[in-house]
Number of protein chains: 2
Amino acid sequence: MTGDGSDMRDRPGAGQRGETLLFLTDEHLRKGIEAMFFAYRGFTADPDRILESYSYGRAHHRALHFVHRSPGTTVNNLLGILGVTKQSLNRVLRALIDDGLIESRVGHTDKRERHLYLTERGSDLESALSDAQRARMRAAFRSAGPEAVAGFRAVLEAMMDPEMRRRYLSLSEGGH
Amino acid sequence: MTGDGSDMRDRPGAGQRGETLLFLTDEHLRKGIEAMFFAYRGFTADPDRILESYSYGRAHHRALHFVHRSPGTTVNNLLGILGVTKQSLNRVLRALIDDGLIESRVGHTDKRERHLYLTERGSDLESALSDAQRARMRAAFRSAGPEAVAGFRAVLEAMMDPEMRRRYLSLSEGGH
DNA sequence: GTATTAAGTCAGCCTTGTTGACATTGCCAG
DNA sequence: CTGGCAATGTCAACAAGGCTGACTTAATAC
């Protein structure tokens with residue numbers, strides 16, 4: 001197995017059609033896989049360091065991020081975005097609400113729903129985490145250049161599960 | 001907002017200097033952050049499904065991947081790559097060795113070292129996991145195109161911690 | 001008026017990370 | 001040769017954050 005790319009790579013007579021597919025060799029794919037692995041570590045490293053000071057973890061960060069991103073979102077919606085069970089989310093959410101970082105308001109039209117908002121303190125922590133993470137992203141974007149960034153986004157988007165791509169794209173729509 | 005490349009593309013009057021930095025706005029950075037989050041889920045989804053059948057997890061996958069990648073690597077080297085404690089790695093490695101997926105050979109020159117190799121069964125599982133993960137990566141690469149892939153790699157590389165970037169790059173050097 | 005939905009909770013389990021302590025073996029310098 | 005250090009392995013205990021299953025409450029929907 002593992003065949004696939006290597007065949008093309010070493011075929012000297014390959015015509016243009018073959019040549020333009022060189023970026024699909026197993027070697028390139030493996031390199032992409034490893035890039036994801038190592039980069040994701042860098043991606044989370046800075047917020048993780050900040051979270052250590054509090055008694056929070058990555059799960060709290062994600063909740064803060066998406067509540068900041070979509071203020072007033074319901075618990076159900078957040079469950080869909082985060083892709084965890086309600087028991088998992090509830091544990092995290094309870095801590096953030098008890099600590100006064102997130103506010104839960106009963107729904108206006110549907111009173112079963114709870115709408116989530118960051119409090120001022122929640123907003124402060126979210127900003128701190130976001131600043132750290134964006135600083136690294138900004139440095140990476142700047143060093144790679146605008147065209148690389150477009151490619152970065154295109155590949156990541158294509159890598160998502162369809163349902164998650166839909167959610168990812170619709171996050172920007174309603175926008176603020 | 002919600003724009004992505006569209007800002008730059010469609011702004012005819014913008015000066016060159018300003019134009020080239022539009023990809024560094026907070027909005028773009030946040031979008032990049034969310035892309036990493038959603039894409040990483042897709043990235044791990046397929047191998048995770050396979051691992052469920054066995055009693056293994058992501059940690060086992062990572063060990064198999066890097067032992068496959070660098071056959072004969074020492075435990076210490078693997079510790080550096082994976083960035084976990086030796087106790088964590090040992091738990092995973094012990095299971096894989098006990099189950100006959102990884103073989104541990106005493107070092108030739110330095111008998112304190114253990115050199116790790118995949119057995120045939122280990123190689124089989126690694127291939128299955130790798131095939132699944134590469135299939136998704138291949139689809140994403142193909143749909144995004146070669147230039148996007150180059151950008152993808154450039155941004156991810158710039159996002160790594162320097163030490164991890166060094167390791168990432170040197171994985172390709174010694175080759176196999 | 002019953003069924004369904006949104007939310008919350010309790011209990012228990014698993015994986016995978018962490019510390020700290022300690023044993024074994026082997027390399028190496030003095 | 002002996003003491004120190006390095007590489008590995010192991011035990012115990014703990015924490016974060018996933019999961020399932022079961023069950024409650026309140027409110028909406030039909």
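In what follows, chains are A, B, ... by sequence order, proteins preceding strands, each numbered from 1.
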Problem set entry | Note: A:R121-A:D124 ion pair, threshold 4.0 Å (strictly below) | no

Problem set entry | N/O donor-acceptor pair, side chain B:R58 with base D:dG18, under 3.5 angstrom | no

For this session: Output yes when at least one side-chain N/O atom of B:R94 is less than 4.0 Å from OP1 or OP2 of D:dC11, else no.
Result: yes

Exercise. Taking the nucleotide of DNA chain D with the closest heavy atom to each, which residue, B:T74 or A:V92, is nearer the 5' end?
Worked result: B:T74

Seminar exercise, completed: Closest to the side chain of A:V84, out of C:dT16, D:dC19, C:dG26, is D:dC19

For this session: Return no unless some side-chain N or O of B:N76 is found under 4.0 Å from OP1 or OP2 of D:dA6.
Result: no

Seminar exercise, completed: From the list B:L96, B:L129, B:V92, side chain to side chain contact (heavy atoms under 4.5 Å, CB included) partner of B:Y56 resolves to B:L96

Problem set entry | Below 4.0 Å: OP1/OP2 of D:dG17 and any side-chain N or O of A:H60 | yes

For this session: Mind calculating the distance between OH (A:Y40) and P (C:dG17) to the nearest angstrom?
Result: 14 Å

Problem set entry | N-O pairing of B:R49 and B:E52 below 4.0 Å | no

Exercise. Looking only at side-chain N and O atoms, does B:T85 come under 4.0 Å of OP1 or OP2 in C:dT18?
Worked result: yes

Exercise. B:I102 CD1 to D:dG9 C1': how many Å, rounded?
Worked result: 15 Å

For this session: Round to a whole Å and report the spacing from CG of A:D48 to C1' of C:dT18.
Result: 13 Å

For this session: Would you kindly check whether a donor in the side chain of A:R114 faces an acceptor in the base of C:dA7, or vice versa, at under 3.5 angstrom?
Result: no

For this session: Measure from CG on B:N90 to C1' on D:dA12 and round the result to the nearest Å.
Result: 14 Å

Seminar exercise, completed: Judged by nearest nucleotide, the residue sitting upstream toward the 5' end of DNA chain D, A:R62 or B:H115, is B:H115

Seminar exercise, completed: DNA chain C nearest-nucleotide lookup for A:E113 and B:S88: closer to the 5′ end is A:E113

For this session: May I ask you to decide whether A:D26 forms a salt bridge with B:R134, counting only side-chain N to carboxylate O separations under 4.0 Å?
Result: yes

Problem set entry | Atom-to-atom span, CG of A:L78 to P of C:dG8 - whole angstrom | 11 Å

For this session: Could you tell me whether B:D161 and A:R136 make a salt bridge, using a distance below 4.0 angstrom between a side-chain N and a carboxylate O?
Result: yes

For this session: May I have the distance from A:L93 (atom CG) to D:dG17 (atom P), rounded to whole angstrom?
Result: 13 Å

Seminar exercise, completed: Whole-Å distance, B:R91 CZ to C:dT19 P, equals 13 Å

For this session: Return the value, rounded to whole Å, for the distance between atom NZ of B:K86 and atom C1' of C:dT25.
Result: 13 Å

For this session: Check whether the side chain of A:Q87 and the base of C:dG12 form a donor-acceptor pair under 3.5 Å.
Result: no

Exercise. Does any donor-acceptor pair link the side chain of B:R112 with the base of C:dT25 at a separation under 3.5 Å?
Worked result: no

